[in-house]
Amino acid sequence: MELDSLYQEVILDHYRTPHHKGLTSESDIQVHHNNPSCGDEVTLNLSMRDGKIVDISWDGVGCSISIASASVMSDLLIGKSYDQANVILQAFVELMQSKGKSTGDEVLLEDGVAFAGVSKFPARIKCALLGWMAFKDAAAQVME
Amino acid sequence: MSIDLSGYKKDFPIFERKVRGGNSLVYLDSGATSQKPDSVIEAESNFYRTINAAVHRGAHLLAEEASESYEAARSNVAKFIGAHDNEVVFTKSATESLNVIAYALGNPQSEVHIKSGDHIVVTEMEHHANLIPWQQLAKRTGAILSWLSFTEDGRIDLSNIDEIITTKTKLVAITHQSNVFGTILPIQEISKAAKAVGALVVLDACQSAPHFSIDVKELNVDFLVFSGHKALGPTGIGILWGKYELLEKLEPAIFGGSMVDSVTMQGATWSSAPRKFEAGVPNMAQAVGLSAAIDYLTNIGMDNISSHEHELTKKLLAGLSGISGVKVIGPLDLKDRGGVVSFTVEGVHPHDVGQVLDQYGIAVRTGHHCAWPLMRKLKLVGTTRASFHIYNDAHDIDRLLSGIEKVKSYFKVSK
Ligand SMILES: Cc1ncc(COP(=O)(O)O)c(C=O)c1O
């Protein structure tokens with residue numbers, strides 16, 4: 001069923017038990033992003049040291065796609081350098097824009113490739129990008 | 001007794017297509033926009049085919065015929081809401097209508113206008129279109145915005161109406177039917193309170209005019225707005241009705257051609273209402289299309305339409321009450337309630353509910369429905385909303401109910 005290409009088991013697993021959800025008490029920066037078309041919200045804490053992402057924690061309300069995506073994003077980016085993180089972010093954004101034509105780079109995106117199907121549902125791409133855009137904003141502010 | 005309107009669905013060509021999963025379409029999003037019958041589509045395209053010309057200008061036959069059709073559309077709308085022809089202004093949408101009223105009332109040159117310290121009253125269940133223009137008007141003028149709240153089951157809370165609508169109140173802007181709860185508000189009671197203190201009443205009839213019969217005199221309001229596209233009509237056409245003597249006291253908000261009495265290099269004077277509010281070449285084909293929609297609706301009968309939707313609402317509420325984990329956001333009883341039903345499914349985000357339903361060909365609205373403050377108050381991210389029009393039937397409700405069961409099993413929240 002078409003729906004299964006959207007709701008991969010990996011996505012549903014991350015949705016039910018999201019990783020790094022719950023804000024840490026300390027961080028270099030906190031950002032808040034929302035999706036005005038559906039009301040979903042994410043608050044993200046980011047800590048960086050020497051150009052490296054030391055910690056990401058987040059909290060928010062959202063659909064399965066946005067929650068799972070924030071979970072996968074934090075798994076992927078913690079421990080990476082700012083530059084590496086940007087490469088991964090770019091790969092994920094490209095996957096989302098692929099209109100179902102890309103399966104994603106599994107080495108780079110790991111669980112993130114499960115979101116390939118989302119790119120066929122234009123209304124859901126913003127959901128999948130919510131956490132990632134919050135990270136992008138936070139990291140850019142820290143690097144300033 | 002239920003009314004049989006099943007013969008009308010075939011008038012709507014959209015139902016001939018298949019949607020996701022190869023399914024026939026169950027369209028439960030008329031609250032956002034309604035589908036269009038052939039007669040409306042034809043009226044709009046026939047305008048272009050046979051009489052297209054700019055109305056109210058040009059000395060040729062086409063301009064004459066176009067103007068006649070456009071003005072006949074105005075009369076038809078006037079009749080539909082119990083108004084006089086010269087009280088009906090065509091805009092592009094209800095949103096534009098509300099903004100025009102807000103700008104006109106914010107202009108100190110209008111004989112009637114909002115001043116610093118005046119109170120503007122809305123309700124906490126307004127669509128953003130009937131909230132933000134008033135927030136902005138308050139900001140521009142120094143007026144104070146206050147609001148009536150709602151009860152747990154989505155009814156307007158009038159317990160403190162005397163504290164909210166006071167002698168300082170100059171304007172009350174309210175919805176006729178909530179686009180989230182489906183509640184029909186007691187407009188006469190509210191307008192009575194407003195009139196008692198000399199306040200004007202603006203009624204947002206977006207969710208009422210397309211579904212049951214309304215009469216501006218009975219409602220005792222001063223302005224009323226709705227959108228053509230929710231009333232089986234085209235997009236790009238909205239209605240602004242105002243009492244003639246009030247329209248005459250207001251300055252226009254949009255300026256340009258076709259709305260003037262006289263122009264010099266220094267200034268201009270306005271034609272009388274409604275023309276002074278219709279600057280520029282209007283959406284003529286859309287006005288004519290809306291007129292066809294009104295003919296279509298009145299031929300079926302607004303009372304028949306509302307009874308039909310009432311039956312569907314009853315069936316849906318009964319069906320939803322039998323599904324565990326499903327909660328209706330809005331009144332559970334049918335008193336003063338229209339064909340809009342919002343609900344949540346425990347453990348499943350509305351967006352995901354809508355996505356699974358879409359796979360089965362069921363189109364619903366999900367999210368905050370442009371009523372974000374309402375959602376915040378209820379501490380909800382959003383709801384799933386089913387809303388009806390004449391083309392819906394009992395079978396649609398059955399498909400929605402079984403669709404919700406599929407949502408639950410897909411997300412493994414069955415209990
Ligand atoms: C209650 C209510 N008011 C106002 C509007 C705005 O209508 P439009 O977007 O057609 O201008 C809507 C439409 O969603 C509505 O439901």
Side-chain angles (χ1 to χ4, degrees), chain A residues 1-18 21 32-43 58-72 96 99-100 114-134, chain B residues 18-23 29 32 127-129 131-132 180 329 342 344-385 403-414:
Chain A
M1 180 164 68
E2 219 175 336
L3 211 51
D4 297 332
S5 73
L6 176 67
Y7 296 118
Q8 299 274 316
E9 211 42 55
V10 178
I11 294 180
L12 295 176
D13 285 347
H14 274 277
Y15 173 51
R16 290 192 194 103
T17 46
K21 186 165 184 279
H32 185 81
H33 277 221
N34 67 5
N35 182 345
S37 65
C38 63
D40 286 1
E41 302 185 37
V42 65
T43 303
W58 58 276
D59 212 341
V61 284
C63 63
S64 57
I65 304 293
S66 72
I67 296 291
S69 182
S71 172
V72 168
M96 287 305 98
K99 298 192 163 77
F115 291 85
V118 176
S119 69
K120 284 185 289 188
F121 294 84
R124 307 306 296 272
I125 295 170
K126 265 197 177 157
C127 310
L129 288 174
L130 184 64
W132 291 82
M133 290 302 124
Chain B
K18 294 279 182 262
V19 288
R20 228 188 276 279
N23 289 292
D29 199 14
H127 186 280
H128 296 165
L131 170 64
I132 305 173
V180 178
I329 307 300
S342 274
T344 55
V345 181
E346 200 186 329
V348 191
H349 188 281
H351 221 151
D352 293 320
V353 175
Q355 192 79 59
V356 176
L357 292 176
D358 182 53
Q359 186 63 41
Y360 295 96
I362 305 159
V364 292
R365 176 86 189 265
T366 63
H368 53 57
H369 316 300
C370 298
W372 216 338
L374 177 159
M375 292 297 161
R376 287 188 205 281
K377 177 160 171 151
L378 294 175
K379 298 193 169 58
L380 290 173
V381 274
T383 69
T384 302
R385 180 186 78 181
I404 296 169
E405 296 288 6
K406 287 176 187 129
V407 168
K408 286 179 59 186
S409 66
Y410 199 87
F411 283 91
K412 302 193 175 71
V413 291
S414 325

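Quantities reported herein were computed from a predicted structural model and do not represent experimental measurements.
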Engineer: What distance separates A:Tyr15 OH from B:Phe411 CZ, expressed to the nearest 0.5 Å?
Structural biologist: 6.5 Å

Engineer: Measure distances from B:Val353 to the heavy atoms of chain A and classify the residue's part below 4.5 Å as side chain, backbone, both or neither.
Structural biologist: neither

Engineer: Are the side chain of B:Asp352 and the backbone N or O of A:Cys63 linked by a donor-acceptor pair below 3.5 Å?
Structural biologist: no

Engineer: So, taking the atom named CG in A:Leu3 and the one named OH in B:Tyr360, what distance separates them when rounded to the nearest 0.5 Å?
Structural biologist: 7.0 Å

Engineer: Starting at OG of A:Ser37, measure out to NE2 of B:His351 and round the result to the nearest 0.5 Å.
Structural biologist: 6.5 Å

Engineer: Looking just at side-chain N and O atoms, do B:His349 and A:Asp40 make a donor-acceptor pair shorter than 3.5 Å?
Structural biologist: yes

Engineer: Heavy-atom count around B:Lys406 NZ within 6.0 Å, excluding the residue itself: above 12?
Structural biologist: yes

Engineer: Among residues 370-381 of chain B, which residues come closer than 4.5 Å to chain A, judged by heavy atom distances?
Structural biologist: B:Trp372, B:Arg376, B:Val381

Engineer: Rounded at 0.5 Å granularity, tell me how far NZ in B:Lys412 sits from CG in A:Leu12.
Structural biologist: 6.5 Å

Engineer: Anything in residues 114-125 of chain A with a heavy-atom distance to chain B below 4.5 Å? Please list those residues in order.
Structural biologist: A:Phe121, A:Ala123, A:Arg124

Engineer: Hey, could you give me the CD/CG distance between B:Gln359 and A:Leu6, rounded to the nearest 0.5 Å?
Structural biologist: 9.0 Å

